[in-house]
Structures are given as structure tokens and as C-alpha cells.
Amino acid sequence: MEDVEAAVADLGLKKGAKSGREELQALIGLEEVKKLVSARMDLAKMQKIKRDAGMEAGFIPMHMAFKGNPGTGKTEVARLIGRILREEGVLSVGDFFECGKQDLVSAAPGESAKQIAGLFQAARGSVIFIDEAYTLLGPGGSEAVTALIDQMEKLRDEVVVIFAGYTDEINELLDANPGFASRVRTQVEFPDYTADELVEILHFMADAQEYSLSRGVDRKVRGVVEAAMGEKRFGNARFMRNLLEEALLQQSVRLANAETYAIKDLKKLLAEDFVWEASASRPSIGFAA
């Protein structure tokens, strides 16, 4: 799993945004995702306002499923949901608890339920993000799924659970237990980025590290991206981060073997620094999508 800082870098969060809502809207691409998530946040906000005003407003579970390929922004959007709900008074804390199967499933009978109950107590007022959630369908996962559904109901107005992973596998998880149907009402499909969006994300990543991209980089990278998109489960923004890291390696080799170079060259990447080979011919070491 990627950490939150990597997720921010992957998505290309534009500078100048302040509130969680502003940061959500400032993310590169994801237009339909933003609309759906914003509408869901609006509902949560208005339901809270109605309850505070003494009006009848039955609670609608906030739990969600984020479906899509790696590097499409699921982690960062989930993080922003916690922040938005905290800023708008729906959640009291708004922290972000990222976990996987290893945090939820124990080999000892009965221990998974205890672990999950402890996690929910620690996450009261916050968001629990379960990456690669479909792995709960594996050995030992049945007890964990039952415990999750139980806690999701008990703390439904205090904890938001977001399941994330590949579309088909998440659908399989949600179909595996009827308890998910009434609790995970919102399912969000995260599309792959377009080639132009990924080039824009690359510029953001390079700028964040104070590197400039020379003329010709955009054209070279767009060609690389269009070729890489044909690979199974293309890594999207993760691929771009790996591509940039590889470019920094190539730049280092180029400059180390140059007779002379200027200080400004240390912070400039050329088109020739961006190299990539299809997985069939790429060695097992090095970067992978």
C-alpha cells in the first residue's frame, strides 16, 4: 500500500487549495468522482444540520466502495473525505486509518473480531480505508468480514469505512455477504487517467521536486504512456512516479559521464532521460507499473 504522502504526489494536488473541498476540486482529472463524492458530502452535511436543528433525519450510512485500477486516486480522495467531514462538522476527528488484511485478520479464532473492534474504537470520528479489501475473501477473512459489518452498523454515525480495490474483486467482496448491501450504499468507479492528465501529473511531480522538463519531454512521455496503457492493470499515477524516478536515474548517469555541465542542468530533465520498456522485455529488477 502507498502511504498518504505518495498518494498526494501521485494525484497531482495543485498548489493554493485550502479547504478539503477546495483540495478535492483541485485534483487533476476525476471529474465524475468529484461530483459523486461532493454530492455525498453535501448529503452528510445537510443531514447533520437537520439533526442539529431538531428535525427528523434518518441516518444514511456513509460507508463507500472505491473501485478501479492502481494509482487512480482512491487513497487521496478517501483522505480528503475525512478532512471534509471534519471541517463541516459531520465527523469529530477526521483522521485517516489505512489498513489491509494483515491489520484485520488473525490466525487465532475470535481474535479478528477483537482486532477490528479495537480499530473501530481508535477510529471513532474518523475514516477507515481498507486497501485491497477483496483479500478478505481469502483464508481467515470470513470472521473479519462478519466483524466489520457488525462494527459498521454499531458505529455507523461515527466511523466511515471505505473499501478499495479492483472493480471486479470489490464487487465479488460486496456480493459475498448480504450485510454489505444496506451498509455500503455509495460505490465510486475511479477511471484510468487519460494520457494528457498523466503528463500533467508528471509536471506536478517534477515541480514538487523543483525539476524542470525540457522541450520534447511531453511528446516523449505521452508516447510512453500510450504504449504502457496497453499493459494489464496499468499503474496510472504510480506509473508516472516510477517513470520520474527512472528519469532521475538516467539523468544521473548522463551527467556523471558528461565532460562538463552547468549547475542548472542538475535540475533539468531531458526527453532522453525518460525510458521505458514493455513488461515482456523489461528486466525483473527496476521500476514496474
Side-chain angles (χ1 to χ4, degrees), residues 1-20 22-30 33-34 69-80 83 96 98 129 131 190 192-229 231 234-277 279 282-283 285-289:
M1 294 184 294
E2 301 298 325
D3 60 26
V4 174
E5 290 183 1
V8 175
D10 281 352
L11 274 173
L13 180 60
K14 295 177 181 177
K15 296 178 180 179
K18 295 181 180 179
S19 71
E22 289 171 330
E23 288 196 6
L24 178 66
Q25 294 305 317
L27 296 175
I28 294 169
L30 304 175
V33 170
K34 293 175 191 176
N69 287 329
T72 48
K74 298 184 291 294
T75 304
E76 176 58 12
V77 173
R79 184 188 70 83
L80 286 172
R83 180 175 167 189
F96 185 78
E98 183 175 2
F129 180 77
D131 199 13
F190 283 68
D192 289 336
Y193 286 105
T194 67
D196 286 341
E197 288 170 343
L198 289 170
V199 170
E200 187 178 355
I201 287 172
L202 176 68
H203 275 269
F204 172 85
M205 293 177 178
D207 182 64
Q209 298 185 48
E210 299 183 347
Y211 282 94
S212 63
L213 305 179
S214 68
R215 287 187 62 182
V217 167
D218 284 9
R219 181 177 179 181
K220 174 75 174 290
V221 169
R222 188 173 287 104
V224 166
V225 168
E226 289 173 349
M229 281 177 165
E231 295 205 328
F234 171 63
N236 287 280
R238 294 183 189 176
F239 178 87
M240 302 310 291
R241 176 157 44 84
N242 291 334
L243 187 66
L244 177 60
E245 290 173 358
E246 182 73 8
L248 293 173
L249 171 63
Q250 295 297 328
Q251 182 222 38
S252 297
V253 173
R254 172 171 57 80
L255 293 178
N257 289 279
E259 292 185 3
T260 61
Y261 56 83
I263 294 298
K264 65 179 181 180
D265 295 328
L266 296 173
K267 282 294 186 178
K268 178 178 288 187
L269 295 173
L270 308 181
E272 65 190 75
D273 296 326
F274 290 87
V275 296
W276 176 80
E277 295 180 357
S279 58
R282 190 163 62 234
I285 60 174
F287 80 88

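Residue numbers start at 1 and run along the sequence shown. Computed from heavy atoms alone, side chains included, the values below leave out hydrogens, waters and symmetry copies. The structure displayed is predicted, hence computed values, not measured ones.
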Minimum heavy-atom distance between Phe129 and Ala78, given as atom pair plus value: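 Result for this residue pair: CD1-CB, 3.4 Å.
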Smallest separation among heavy atoms of Ala237 and Met205, with atom names: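 Distance-wise, the nearest heavy atoms are O-CE, 3.4 Å.
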Pairing of Glu23 and Arg83 as salt bridge, 4.0 angstrom limit: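 Counted as a salt bridge, because a side-chain N and a carboxylate O are separated by less than 4.0 Å.
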Value rounded to 0.5 Å, distance of OG1 in Thr72 from CZ in Arg238: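 Thr72 atom OG1 to Arg238 atom CZ measures 8.0 Å (nearest 0.5 Å).
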Inter-residue atom distance Phe96.CZ - Arg79.CZ, 0.5 Å rounding: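 Going from the CZ atom of Phe96 to the CZ atom of Arg79 covers 8.0 Å.
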Phe239 and Trp276 aromatic ring geometry - parallel, tilted or perpendicular at 30°/60° bounds: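 It falls in the perpendicular class, over 60°.
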Pairing residues for Lys268 by the salt bridge (charged side-chain N to carboxylate O under 4.0 Å, His left out) criterion, not counting sequence neighbours: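 For Lys268 there are no salt bridge (charged side-chain N to carboxylate O under 4.0 Å, His left out) partners, ignoring immediate neighbours.
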Non-neighbouring partners of Tyr211 that pass ring-ring contact (aromatic ring centres under 6.0 Å, His included), sequence neighbours left out: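 Checked Tyr211 against ring-ring contact (aromatic ring centres under 6.0 Å, His included); zero matches.
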Contacts of type side chain to side chain donor-acceptor pair (under 3.5 Å), residue Gln209, not counting sequence neighbours: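 Testing Gln209 for side chain to side chain donor-acceptor pair (under 3.5 Å), a comparison that skips the adjacent residues, returns none.
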Contacts of type side chain to side chain donor-acceptor pair (under 3.5 Å), residue Asp192, not counting sequence neighbours: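 Checked Asp192 against side chain to side chain donor-acceptor pair (under 3.5 Å); matches are Asn69, Asn236.
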Selection residues 214-228 - residue pairs positive for side chain to side chain donor-acceptor pair (under 3.5 Å), sequence neighbours left out: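 Listed once each, the pairs are Asp196-Arg222, His203-Asp218.
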Where at least one partner belongs to residues 248-267, residue pairs that pass side chain to side chain donor-acceptor pair (under 3.5 Å), sequence neighbours excluded: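 Passing the test, one end in residues 248-267: Glu246-Gln250, Arg254-Asp273.
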Verdict with supporting geometry, Val221 and Met240, side chain to side chain contact (heavy atoms under 4.5 Å, CB included): CA-CA 9 Å; Val221 169; Met240 302 310 291; 3.7 Å; yes
Within a strict 4.5 Å, meaning less than it, do heavy atoms of the [X] and [Y] side chains meet?
X      : Y      : answer
Thr194 : Leu198 : no
Phe274 : Leu243 : yes
Tyr193 : Val225 : no
Val77  : Leu30  : yes
Leu202 : Leu213 : yes
Leu27  : Leu80  : yes

Side-chain donor or acceptor of Lys34 paired with backbone N/O of Ala26 under 3.5 Å: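 Flag not set: sc Lys34 to bb Ala26 has no pair under 3.5 Å.
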Side-chain donor/acceptor of Glu245 to backbone N/O of Asn242, under 3.5 Å: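 No: the side chain of Glu245 does not pair with the backbone of Asn242.
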